[in-house]
Amino acid sequence: MKKQLQHHLMQALQECYRQGLLHSGTFPPLVLEEPANAGHGDLATNLALVLAREEKKAPRQVAEIVLGMLGDAGGLCRQVEIAGPGFINFFLSHRSWHLVLDEVARQGETYGTSAMGAGKRVQVEFVSANPTGPLHIGHGRGAATGDAVAAVLAAAGYEVQREYYINDAGNQVALLGRSIWLRWRELNGERIEFPEDGYRGDYIREIAGALDREHASHLAPLAEEPAVAFCTDFGVRQLLGQIDEDLQKFGIRFDCWYSERSLYDRGLVEKELAKLRQRGLTYEKDGALWLRTTDHGDDKDRVLLRADGPPTYFASDVAYHMEKFDRGFDLVVDVWGADHHGYVPRMKAMLAGLGRSPDDLQVLLIQMVNLLRDGQPVTMGKRSGEFITLREVVDEVGRDACRFFFLMRRSDSQLDFDLDLAKRQSNENPVYYVQYAHARICSISRNAAELGLQLPASGQFDLSPLELDEELALMKLLARYPETVEGAARLLEPHRIVFYLQELAGAFHSYYNRHRVLTEDARLSQARLCLVNGIRVVLGNALRLLGLSAPEQMQREG
RNA sequence: GCGCCAGUAGCUCAGCUGGACAGAGCAACGGCCUUCUAAGCCGUGGGUCGAGGGUUCGAGUCCUUCCUGGCGCGCCA
């Protein structure tokens, strides 16, 4: 709807220019928005105010000229007015809103998708938790966000790959292996002193137990070094298996699990470092190899190869990201914990050094999750090895509530996760609120079917009975859905979909309580059925986009 | 000390790449189930948008200074 009006406006502007009514042939991007105040029409533009300076005319005068050319925009508008300092307000005809319902019905599950990112490949890398323990609640937020961002991008026409980067090289997993090995020896009657920095969680003992059952005879004769290596491999495999299981239970699947170790095994770290050297982006100092990240805004240059030889974590991360772009992605999105924000400048500097736009890498920072129970924070001590796992929360509040809550806020602001609220089955719980709206409409459809009322085929709707303000407002909301998805994709902000869902559900519930869909008047009933069906389709599309279910009926538990 | 992010109603937060009188949910209070699911709806009260200055026809939104909170500043990963 907005796009059609935009199109008409642009033509009017160009025609004004051609006829010499306007001096400038280049126009600023047309901004059309929905005024907060209904008295200001359905859509409004500030273009006259923006053009006024260049044209050296009063804004209202510019508006008059443009409007003279626009007319009623091919029947879209029932009224156009100039208001305030020079805003142009458009009042759209009912018919133009009715067209939205046609479109929703015609497009069905694809309503809301667009070709915005057509032909572009994006990779979204998320979770990427070290395989040294189970996923905790913070990983869950990253998982929900990354998955939703990927989905939103896909809906906007991008070709999307979901990737999990496995940190299976380096000290952390080595420490995991050592921890398992020590617990295994303990299991076999040895008295050992467990290191201060070892992994202390009970799950280490469980893994040691599994190791003992399956590989005791293999492990027993090994010397320390190969034994620890064996434990590392075994532990990583076990934990990755659990992580994958947890994620699947959470409704998330990755297209690619990418191993850090494989970077080394394939010589990619060396290869990519050689490229950096070749381009003169590195230098040696104090026996170490440095990357000149300060050339592109970083605070200090960063070490790639330590003086004693081995590459830093940064080196493998650089190689990893270079390799991502080697794979041909136009855009790479990383989802990180907010505590890693300090690493963003150096990664972008690396890209800039290679002559790529730093914007080709977008890093989403995920802020902390504070779990609340009975209004009190649930304390988590990572040191003691005791933390709330994602699995526990999903088991307690359910997958939908969990995902919804994670997506309710923009990712870079802290999130209070109220466990009691997430479980509550009432209108206070926004998850059920939205899902209930969907289920309610399904229920209406079932009743309609029993009454013998059928939804007419798309294009054959008689929607003229829909003329209540609330009905028009609902259609406007439906019209806004595709823009909402595009905005969420452009800004990588899936929470916009959540807010949209709440708004649409709210508008529907309110309408439902005030007006009956199924009435004595068959023509009216049928039109309203078309309306609520459109709402159902959009609610369903948006819910599924976020990885949430769209229930056809609500089932009370307990 | 430097850097990043935040500071909007009692609480938790939106505010769409500056726009027309600042929004939602929760909490509080008062109503609504002979009618398509009350997991719902309606109504009421509540804010100097952290503070000062600046840019603009127009600032919660941009610039600057200060205050407060969180996080980060390894040849760790």
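So that the names make sense, note that chain A is the first sequence line, chain B the second, and so on, each numbered from 1. Every value quoted in this text rests on a predicted model; they were computed, and no experiment measured them.
Dashed line: the shortest gap from a side-chain N or O of Arg410(A) to OP1 or OP2 of C5(B) is not under 4.0 Å.
Using a 4.0 Å heavy-atom criterion, one finds that Asn171(A) contacts the sugar-phosphate atoms exclusively. At the heavy-atom level, His438(A) lies nowhere under 4.0 Å from the strands shown. Within 4.0 Å (heavy atoms only), Asp286(A) reaches at least one base atom of the nucleic acid. No engagement by Gln435(A) is indicated, since no non-hydrogen atom pair under 4.0 Å with the nucleic acid exists. Heavy atoms of Ala448(A) sit nowhere under 4.0 angstrom from any nucleic acid atom. Looking at heavy-atom distances under 4.0 Å, Ser510(A) makes contact with sugar-phosphate atoms alone, never a base.
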Contact string for nucleotides 16-21 of chain B, one letter per nucleotide 5' to 3', B = base within protein heavy-atom range under 4.0 Å, S = sugar-phosphate only, - = neither, reads BS-BBB

Under 4.0 Å protein heavy-atom contact, by nucleotide of nucleotides 67-73 of chain B - B base, S sugar-phosphate only | ---SBSS

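As a whole-Å value, the separation of Arg178(A) CZ from A77(B) P is 17 Å. Rounded to a whole Å, the NE2 atom of His495(A) is 17 Å from the P atom of A24(B).
When distances run from any side-chain atom of Thr312(A) to the nucleotides A14(B), A39(B), C75(B), the shortest one goes to C75(B).
Using a cut-off of 4.0 Å between Lys/Arg side-chain N and Asp/Glu carboxylate O, Glu270(A) and Arg277(A) are scored as not salt-bridged. Of the charged side-chain nitrogens involved, at least one lies within less than 4.0 Å of a carboxylate oxygen, so that Asp233(A) and Arg261(A) count as a salt-bridged pair. Between Lys324(A) and Glu163(A) no salt bridge is recorded (no basic side-chain N to carboxylate O distance below 4.0 Å). The pair Asp308(A)-Arg306(A) counts as a salt bridge, with a side-chain nitrogen and a carboxylate oxygen less than 4.0 angstrom apart. A salt bridge links Arg496(A) with Glu493(A): at least one charged nitrogen is closer than 4.0 Å to a carboxylate oxygen.
Judged by distance alone, the side chain of Ser445(A) and the main-chain N or O of Ile441(A) form a donor-acceptor pair under 3.5 Å. With hydrogens and angles ignored, the 3.5 Å screen pairs no side-chain donor or acceptor of Trp336(A) with any backbone N or O of His341(A).
Across the interface with RNA chain B, nearest-nucleotide mapping of Tyr512(A) and Trp290(A) shows Tyr512(A) to be the residue nearer the 5′ end.
In the displayed structure, Glu552(A) atom CD is contacted under 6.0 Å by at most 12 heavy atoms of other residues, nucleotides or ligands.
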